[in-house]
Amino acid sequence: MMDALVTLFITIITAVIVYVGSEIRKNERARTIFNVLEPLAKDAVVAAQKLGVTEYLSGAMKKNHAIKTVVKTLSDAGFTVKDGQVIANAVEKAYLEQKELLKQYPQKGAS
């Protein structure tokens, strides 16, 4: 009887440790994504703006290009963000924060 209780206790403790470890890893991955999301979004916005120098891109096209760039970069690094709005918000924030910097790249007009 005592051996069965000890075995049950060890099994429960092992399951709890595995679960807690899994949750910690998820939180670390989420923290990593949010730590790299801002600089990735900033770089993607600048890259999209630079594309607009040689070919006409509307604001929506540049935003979509920046979002796709961030998604691909995260994906290539083994991360996925299920809520695309998080990336869109990061791109919009990056654009607003760099508005003055982006002015140095004159945009090609629509033909």
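The first residue of the sequence shown is numbered 1, and numbering continues consecutively from there.
Residues that satisfy the side-chain contact (heavy atoms from CB on, under 4.5 Å) test with Asp83, not counting sequence neighbours, are Gln85, Val86. Checked against side chain to side chain donor-acceptor pair (under 3.5 Å), Gln98 has no partners two or more places apart in sequence or in another chain. Under the side chain to side chain donor-acceptor pair (under 3.5 Å) criterion, Asn35 pairs with no residue at all, not counting sequence neighbours. Applying the side chain to side chain donor-acceptor pair (under 3.5 Å) test to Lys103 and every residue at least two apart in sequence or in another chain returns Glu100. Every salt bridge (charged side-chain N to carboxylate O under 4.0 Å, His left out) that Lys93 has, sequence neighbours left out, goes to Glu38, Glu97. Lys68 meets the side chain to side chain donor-acceptor pair (under 3.5 Å) test with no other residue; sequence neighbours excluded. Every residue two or more places apart in sequence or in another chain was checked for a side-chain contact (heavy atoms from CB on, under 4.5 Å) with Asn64, and none qualifies. Partners of Lys50 according to the side-chain contact (heavy atoms from CB on, under 4.5 Å) rule, which considers only residues two or more places apart in sequence or in another chain, are Val46, Tyr105. Partners of Val71 by side-chain contact (heavy atoms from CB on, under 4.5 Å), not counting sequence neighbours, listed by chain and number: Ile67, Ile87.
Rounding to the nearest 0.5 angstrom, the gap separating the CD atom in Gln107 from the OH atom in Tyr56 is 9.5 Å. Here the straight-line distance linking atom CG of Asp43 with atom OG1 of Thr73 works out to 9.0 Å at 0.5 Å rounding.
Hydrophobic cluster membership is shared by Val91 and Phe34, with clusters built from Ile, Leu, Val, Met, Phe, Trp and Tyr side chains linked at under 4.5 angstrom. In the hydrophobic clustering of ILVMFWY residues, with side-chain heavy atoms under 4.5 Å counting as a link, Tyr95 and Leu57 come out apart.
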